[in-house]
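What you see below is based on every heavy atom in this structure, not just the backbone, and it leaves out hydrogens, waters and symmetry mates. Residues: numbered from 1 along the sequence shown.
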Amino acid sequence: MLKLFVPGRLCLFGEHTDWAGHYRTMNADIVPGAAIVTGIEQGIYAEVEKSSIFEVHSVAPEMNSGWRDFACRMDEQELKRIARSGDFFCYCAGVASYMLQWYKVGGVRINITEMTLPMKSGLSSSAAICVLVARAFNQLYNLNLNTMGEMNIAYVGELRTASRCGRLDQACAFGVKPSLMTFDGDEVEVQTINVKSHLYWVFADLCGEKDTIKILSSLNKAYPFASTEKERQLHSALGVQNQQFIAEALDCMARGDAERLGRLMTETEEVFNRQVAPLCPSELTSPRLKKALADEHIKQLTWGGKGVGSHGDGSVQFLARDEQTQQQLVEYLESLGMPAYKLTIQPVHTVRKAIIPVAGFGTRLYPATRCLKKDFFPIPCADGMVRPVILILLEELIQSGIEEICLVLGSEEERQLYIDFFERPLSADHLCKLNAESQEYENQIIDIGKRLRYVYQREKRGFGHAVFQAQEFAHNEPVLLMLGDTLYKSTSNKPCALQLIEAYERHNLPMLGLYPVELAEVSHFGIMTGVWEDKDERLLNVSALVEKPKASYSEEFLGVRNAQGEKEYCSVFGQYILTPEVFAQLEADIKAADQAGDHKKEIELTAALEAVRQQKGMMGVRLKGLRFDMGNPHALISTVSTFAK
């Protein structure tokens, strides 16, 4: 049995532009639609499992009113008939009919355990249930659909009902994070937004009534071609003016300018009232919404506010001034009889710390490692210098903006090697023999030494155990992890580590660099599988992570299909972004082994990553770069002969 959660969604800017942008298929003069959308903390929780039929049950007390359990044979025509019935579960049947028609799946049992999402309030409760059904089929029957695939199926499934939803409703598929959605004809693109500082939203149910179908019908009459001045004003509001608002809102979020962002909300509401509402005055006069936005006490607590969804008297949203006023606003709205909810959009921490475990002896490079640690092995570089491995790694981290670096050593005695190299200046006799360029480079080495911190792995209990020694150094921040016996060379203008950091800042999930390998090589690496989230096949939504699997297992279960339908095998590149959840899982694994009396059990990082993936999700990114292993004689020869080229 799987447990799923799908949030509702809140459109912050750009309502109605999803369907308006679709009309570009008929009128190229229409400006593409754009919206800033975020999942919210409220949503639908469910347990799902395979069944011989399609059934939806609920034990959620929030759904007692008007809900009745539903069951149906997996019959396409019967599911389509139920989809047109108008009941809440008609949305479920619409999606199920599509899954049966195109994927020939079996049945599913869905048990809704909790429903914290207000219904019929412009927060896409219907879209959330559609995404939930699509995701249940996808995961139970291993359909390998990416998030956009689930979103598209949810959209088509909802269209099989009486609903006429827009494309942005299913943005709830992307979870609780803000995204920019663009709508150009039939094309929909989604980009994660970076936020500079905390933004404290509050949205509330106005407890009024609105007819969304009537609103959409009235506005759609102005498309695809505007024939009156009112219709031209609508095109402008949802087109050029919306694009301007979106661009400025993105800039405000990137800079952390909450005050200006709030004023933009108020300005967009004014444009909506002036240029959109006149086309459906019966539904968009919105007395409850206008009263809330004009409330002087609310104005003192907020930077601005606006309507939600199709507007009308459904819901209202505000940007509170800070965390304290956010709570005060919730209490005030509820005192007026309007259920209110918090939404705090948090900034993604910039990755400023890195870890490199170098505690291993280097058995495969014996006897050289008797006198020289493998991370000090010399490597010829493209600029003619010969650098030790560790210096090459450290320089890449610094070029990627890393401020502090923790080396995981095997003992305190080893630390002296790094102190001698990175902290002790050359003697005057040696320094004078260097040319001016090399003398300047000597200063850079000493500067690197100032960034180094050291921890020790006193028990040899696996790679995960070594990484866990840096938990205190990480200090609940995301950290970049590099292997100490692997080199990386970017094939772009950005170091590989910086590419990975930027991917993390877009998605705010644990990240793995991925590197394609042949099937015959999979048993040497950690192998991930999943589905591509983008057309360029660079971003992988990871669905499993297995340490050094056999080729036969990988061929059957771990291949990733590319655009040509061929299987690829994605190994871990050797660079990771670890979040605090990974360290918490490593700690739990160590405690579990100790409590079982197995004090020598190896603690593997891959196992901890897989556990975190199951709880939170994980992304793999195909970095633009090459990987050079030097952990064995053959690999070392290859690295020395090719790295400088």
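- A search for ring-ring contact (aromatic ring centres under 6.0 Å, His included) contacts involving Phe203 returns Tyr341, not counting sequence neighbours.
- Looking at every heavy atom in both residues, Ser310 comes nearest to Lys210 through OG-NZ, 2.9 Å.
- Panel note: side chain Ser286, backbone Leu284; a donor-acceptor pair is recorded below 3.5 Å.
- Side-chain atoms of Lys342 and Gln327 form a donor-acceptor pair, as typed in the model, at a separation below 3.5 Å.
- Between Thr325 and Asp322, the side chains place a donor N or O and an acceptor N or O closer than 3.5 Å (distance only, hydrogens not considered).
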### side chain to side chain contact (heavy atoms under 4.5 Å, CB included) evaluation trace for Asp205 with Val316
CA-CA 7 Å; Asp205 187 344; Val316 62; over 6 Å; no
### Query
What's the verdict on side chain to side chain donor-acceptor pair (under 3.5 Å) for Glu76 and Ser97, showing C-alpha distance, side-chain angles and the deciding distance?
CA-CA 5 Å; Glu76 185 180 334; Ser97 69; over 6 Å; no
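- Counting all heavy atoms, side chain and backbone alike, Cys172 lies closest to Pro7 at CB-O, 2.9 Å.
- Within the cation-pi definition used here (under 6.0 Å to the ring centroid, within 45° of the axis), Arg538 does not qualify as a partner of Trp532.
- When only modelled atom types and interatomic distance are considered, Gln233 and Glu229 share a side-chain donor-acceptor pair under 3.5 Å.
- When each of Leu117, Val6, Ile44, Ile110 is tested with Ile129 by the rule side chain to side chain contact (heavy atoms under 4.5 Å, CB included), just one qualifies, namely Ile44.
- In terms of heavy-atom proximity, Val542 sits nearest to Arg613 at O-CD, 3.4 Å.
- Residues Phe245 and Glu267 meet the side-chain proximity criterion, which asks for heavy atoms closer than 4.5 Å.
- A cation-pi arrangement is present between Lys50 and Tyr141 under the rule of less than 6.0 angstrom and at most 45 degrees off the ring axis.
- Of the possible polar contacts, one joining the Gln326 side chain to the Trp201 backbone as a donor-acceptor pair under 3.5 Å is found.
- Checked by atom type, the side-chain pair His311/Glu269 shows a donor-acceptor distance below 3.5 Å.
- Between Tyr23 and Pro224, the closest heavy-atom pair is CD2-CB, 3.9 Å.
- The nearest pair of heavy atoms linking Lys230 to Leu279 is O-CD1, 3.8 Å.
- Ring centroids of Tyr223 and Trp19 are separated by less than 6.0 Å, placing the two rings close together.
- Between the side chains of Ser126 and Glu158, at least one donor N or O sits under 3.5 Å from an acceptor N or O.
- Counting only N and O atoms by type, the side chains of Lys177 and Thr38 include no donor and acceptor under 3.5 Å apart.
- Residues that satisfy the salt bridge (Lys or Arg N to Asp or Glu O under 4.0 Å) test with Lys494, not counting sequence neighbours, are Glu502.
- For Val95 against Ile153, the heavy-atom pair with the smallest separation is CG1-CG2, 4.0 Å.
- In the displayed structure, Glu537 atom CD is contacted under 6.0 Å by more than 12 heavy atoms of other residues, nucleotides or ligands.
- Looking only at side-chain heavy atoms (C-beta outward), Asn146 and Glu533 come within less than 4.5 Å of each other.
- Counting heavy atoms from C-beta on, the side chains of Val108 and Val133 never come closer than 4.5 Å.
- In this structure the side chain of Glu55 never reaches within 4.5 angstrom of the side chain of Cys72, judged on heavy atoms.
- Between the side chain of His235 and the backbone N or O of Ala222, at least one donor-acceptor pair lies under 3.5 Å.
- No side-chain heavy atom of Arg160 sits less than 4.5 Å from a side-chain heavy atom of Arg84.
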### Message
Between Lys306 and Glu15, does the salt bridge (charged side-chain N to carboxylate O under 4.0 Å, His left out) criterion hold? Intermediate values first, please.
### Response
CA-CA 11 Å; Lys306 61 192 289 292; Glu15 296 91 341; 2.6 Å; yes
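- Remark: side-chain polar atoms of Asn138 are paired, donor with acceptor, to backbone N or O of Leu145 under 3.5 angstrom.
- Lys290 places a side-chain N or O within donor-acceptor distance of the main-chain N or O of Thr285, the cut-off being under 3.5 Å.
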### Query
How far apart are the C-alpha atoms of Glu78 and Arg73, what are their side-chain angles, what is the distance that settles it, and do they pass the salt bridge (charged side-chain N to carboxylate O under 4.0 Å, His left out) test?
CA-CA 8 Å; Glu78 187 172 351; Arg73 295 182 301 114; 3.1 Å; yes
Can you list, pair by pair, the side-chain donor-acceptor contacts under 3.5 Å of residues 185-193, counting residues two or more places apart and other chains?
residue: Asp186; atom: OD1; partner: His22; partner atom: ND1; Å: 3.3
residue: Glu187; atom: OE1; partner: Lys535; partner atom: NZ; Å: 3.0
residue: Thr192; atom: OG1; partner: Arg506; partner atom: O; Å: 3.1

### Message
Pair Thr266, Trp303 - check side chain to side chain contact (heavy atoms under 4.5 Å, CB included), show working.
### Response
CA-CA 9 Å; Thr266 301; Trp303 295 122; over 6 Å; no
### Task
List the steps and the verdict of salt bridge (charged side-chain N to carboxylate O under 4.0 Å, His left out) for Glu248 and Arg260.
CA-CA 9 Å; Glu248 188 167 357; Arg260 175 57 187 149; 2.6 Å; yes
### Query
Between Lys291 and Asp295, is a salt bridge (charged side-chain N to carboxylate O under 4.0 Å, His left out) present by the stated rule, with each step listed?
CA-CA 6 Å; Lys291 182 179 180 181; Asp295 189 302; over 6 Å; no
### Message
Applying side chain to side chain contact (heavy atoms under 4.5 Å, CB included) to Val37 and Leu10, what does each step give before you reach the verdict?
### Response
CA-CA 6 Å; Val37 189; Leu10 180 65; over 6 Å; no
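- Ring centroids of Tyr45 and Phe5 are separated by less than 6.0 Å, placing the two rings close together.
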### Query
Are Met619 and Asn541 close enough, and set up right, to give a side chain to side chain contact (heavy atoms under 4.5 Å, CB included), and what steps lead you there?
CA-CA 5 Å; Met619 305 300 288; Asn541 191 332; 4.2 Å; yes
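- With a 4.5 Å cut-off on side-chain heavy atoms, Gln139 and Leu4 count as touching.
- Within the 4.5 Å cutoff, side-chain heavy atoms of Ile298 are placed close to those of Leu333.
- With a 4.5 Å cut-off on side-chain heavy atoms, Cys207 and Pro339 count as touching.
- The number of heavy-atom neighbours closer than 6.0 Å to CD of Glu323, taken from other residues, nucleotides and ligands shown, is 12 or below.
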